> 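Pasting a structure below so you can have a look.
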Amino acid sequence: MKPADDIIITTHDVTKVYQLGAEQVHALRGISLDVRRGEYLSILGPSGSGKSTFFNMVGGLDRPSAGSVSVDGCNLQELNQKQLAWIRCHKMGYIFQSFNLIQTMTAVENVALPRIFAGESPAKARAAAAEILDLVGLGHRLTHLPAQVSGGQQQRIAIARALVNRPGIVLADEPTGNLDLHTGEEIIQLLADMKKQLGITVITATHDMKMLSASDTVVWIKDGRADRIARKGEFEVAIGTIDGKTLA
Ligand SMILES: Nc1ncnc2c1ncn2[C@@H]1O[C@H](COP(=O)(O)OP(=O)(O)OP(=O)(O)O)[C@@H](O)[C@H]1O
């Protein structure tokens, strides 16, 4: 394998400027980063530093003002809306803090949706959804509505939905933000297990220190710049601090 094959996402000098009336907000000031295939990468930084903005660029959910994002060697800026939608549907799965499940649909119906959007028949999509729900430990909750399961179980349904099209990349924006300590740990462990079992690349934007123990790489964002990038073994994690610094 050539060294470049190890890299699944490359960002080159990614900049984002929001125009708020007469004011310009410089949310990202040039972030260049390689994400390795199969790694667990956490994006960390204080509130307002640009984590979610960067996450949205990497996930193809928003476009940079300048710079580029490539996924599997394909420059997202060169794609039209249809091509971008295909990449988002087939190559990426998304997980959010507030789960974003459809409340009137059962677990299996929620998880089947991305496959139905991808053109599969409802019966086949439901079978694939049931299989992945089983994998995340919810094989016994297929026909429950979101309101009929716990917060941790709702996030498991959302993880199953993110995985059901078998993407290479899963992006999770504060996936433990609405969960208690113990449930948050279970969700982090599940993401780490899925990374290992399915060989997916996991990217999280997070405030959660617990996420670091699962991370292969940590990127600290400060004022829209990558302040530091550290691989496992290059950072030390202790409760409430990292490398002796208190986390924001
Ligand atoms: N749609 C927008 N329009 C204008 N400014 C924005 C917009 N979205 C974000 N910003 C600004 O861009 C900067 C980065 O915001 P971002 O949401 O990426 O930070 P964050 O690190 O994810 O913060 P948090 O941890 O609080 O979610 C902030 O100054 C924010 O106010």
Side-chain angles (χ1 to χ4, degrees), residues 35 38-45 51-52 55 58-59 92-103 105-114 128-219 232-233 235-242 247-248:
V35 182
E39 79 171 336
Y40 194 127
L41 180 136
S42 293
I43 304 166
L44 214 81
K51 296 182 300 294
S52 296
F55 178 92
V58 169
M92 309 217 189
Y94 303 91
I95 301 163
F96 299 97
Q97 177 172 353
S98 49
F99 321 133
N100 294 4
L101 298 172
I102 296 178
Q103 295 298 317
M105 294 177 106
T106 63
V108 75
E109 286 166 349
N110 265 284
V111 175
L113 270 184
E131 195 181 313
I132 203 94
L133 275 163
D134 196 36
L135 192 68
V136 301
L138 284 184
H140 60 309
R141 291 287 183 268
L142 299 185
T143 56
H144 282 58
L145 293 168
Q148 295 170 333
V149 299
S150 69
Q153 288 174 330
Q154 289 188 50
Q155 195 56 303
R156 282 174 191 265
I157 297 171
I159 291 173
R161 182 184 56 189
L163 293 171
V164 76
N165 273 344
R166 304 290 173 159
I169 303 161
V170 166
L171 292 127
D173 196 359
E174 293 284 4
T176 58
N178 276 349
L179 303 174
D180 64 52
L181 188 85
H182 177 67
T183 311
E185 275 169 357
E186 287 180 352
I187 290 300
I188 293 165
Q189 190 54 50
L190 177 62
L191 286 172
D193 289 347
M194 292 299 106
K195 179 203 96 153
K196 215 168 161 185
Q197 272 188 50
L198 306 176
I200 52 174
T201 305
V202 177
I203 301 176
T204 66
T206 188
H207 284 105
D208 191 345
M209 278 291 290
K210 297 189 297 302
M211 201 66 83
L212 299 176
S213 57
S215 304
D216 299 308
T217 301
V218 180
V219 180
K232 211 180 195 83
F235 56 87
E236 272 184 35
V237 181
I239 300 301
T241 64
I242 183 160
L247 278 178

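It should be emphasised that the depicted structure is a prediction, and the values quoted were computed from it without experimental measurement. We count residues from 1, following the sequence as given.
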> Would you mind reporting whether Val149 and Arg156 have side-chain heavy atoms less than 4.5 Å apart?
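The answer is no, as the side chains (C-beta and beyond) never meet within the 4.5 Å cut-off.
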> For residues Ala205 and Pro175, report the shortest heavy-atom separation together with the two atoms involved.
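Nearest pair, atom of Ala205 first, then Pro175: O-CD, 4.3 Å.
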> Ignoring hydrogens and geometry, is there a side-chain-to-backbone donor-acceptor pair from Asn165 to Pro114 under 3.5 Å?
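Indeed, once roles are kept as given, a pair shorter than 3.5 Å links the two residues.
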> With rounding to the nearest 0.5 angstrom, report the CZ to CZ distance, Phe55 to Phe96.
5.5 Å
> Please enumerate all residues that pass side-chain contact (heavy atoms from CB on, under 4.5 Å) together with Pro146, with sequence neighbours excluded.
Leu101, Gln103, Asn110, Gln154
> For His140, enumerate each residue passing the side-chain hydrogen bond (donor to acceptor under 3.5 Å, both in side chains) test, keeping only those at least two apart in sequence or located in another chain.
none
> How would you list, by chain and number, every residue that makes a side-chain hydrogen bond (donor to acceptor under 3.5 Å, both in side chains) with Lys232, sequence neighbours excluded?
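Not a single residue meets the side-chain hydrogen bond (donor to acceptor under 3.5 Å, both in side chains) criterion with Lys232.
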> Of all the heavy-atom pairs spanning Ala107 and Ile157, show the shortest one and how long it is.
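Scanning both residues, the minimum pair turns out to be CB-CD1, 3.7 Å.
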> With sequence neighbours left out, write down each residue that passes salt bridge (Lys or Arg N to Asp or Glu O under 4.0 Å) with Glu109, or none if nothing qualifies.
Arg126
> If you look at every heavy atom in Ser215 and Ser42, which pair is closest and at what distance?
OG-OG, 2.7 Å
> Taking only residues two or more places apart in sequence or in another chain, which ones pass side-chain contact (heavy atoms from CB on, under 4.5 Å) with Ser150?
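Per chain and number, Ser150 pairs via side-chain contact (heavy atoms from CB on, under 4.5 Å) with Gln153.
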> Which pairs pass salt bridge (charged side-chain N to carboxylate O under 4.0 Å, His left out) with one or both residues in residues 163-172, sequence neighbours excluded?
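Qualifying pairs: Glu131-Arg166.
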> Nearest 0.5 Å, please: how far is OG1 in Thr204 from OH in Tyr40?
5.0 Å
> Let me know which of Ile200, Leu133, Ile95 forms a side chain to side chain contact (heavy atoms under 4.5 Å, CB included) with Leu163.
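By the side chain to side chain contact (heavy atoms under 4.5 Å, CB included) criterion, Leu163 pairs with just one of Ile200, Leu133, Ile95: Ile200.
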> Taking side chain as C-beta onward, heavy atoms only, is Leu41 less than 4.5 Å from Thr201?
no
> Mind listing the side-chain donor-acceptor pairs of residues 187-199 below 3.5 Å, one per line with the distance, residues two or more places apart or on another chain?
unit_1	atom_1	unit_2	atom_2	d
Gln189	NE2	Asp193	OD1	3.0
Lys195	NZ	Asp216	OD2	2.8

> Are the side chains of Asn178 and Phe99 in touch, meaning some heavy atoms are under 4.5 Å apart?
yes
> For Thr183, what residues pass the side-chain hydrogen bond (donor to acceptor under 3.5 Å, both in side chains) criterion, not counting sequence neighbours?
Asp180
> Let's go through Leu142 and Thr106 carefully: what are the C-alpha distance in whole Å and the side-chain angles of both, what is the deciding distance for side-chain contact (heavy atoms from CB on, under 4.5 Å) to 0.1 Å, and is it a yes or a no?
CA-CA 7 Å; Leu142 299 185; Thr106 63; over 6 Å; no
> Would you check if the side chain of Lys210 reaches a backbone N or O of Glu185 as a donor-acceptor pair within less than 3.5 Å?
no
> Sequence neighbours left out, what passes side-chain hydrogen bond (donor to acceptor under 3.5 Å, both in side chains) with Thr206? Give chain and number order.
none
> Measuring from Met105:CE to Leu113:CG, what's the distance to the nearest 0.5 Å?
4.0 Å
> Suppose we screen for salt bridge (Lys or Arg N to Asp or Glu O under 4.0 Å). Which residues come up paired with Glu174, at least two apart in sequence or across chains?
none
> May I ask you to test the Val111-Leu138 pair for a side-chain heavy-atom distance under 4.5 Å?
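Result no, sub-4.5 Å side-chain heavy-atom pair not found.
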> Kindly write out the residues that satisfy side-chain contact (heavy atoms from CB on, under 4.5 Å) with Asp134, not counting sequence neighbours, or none if the list is empty.
none
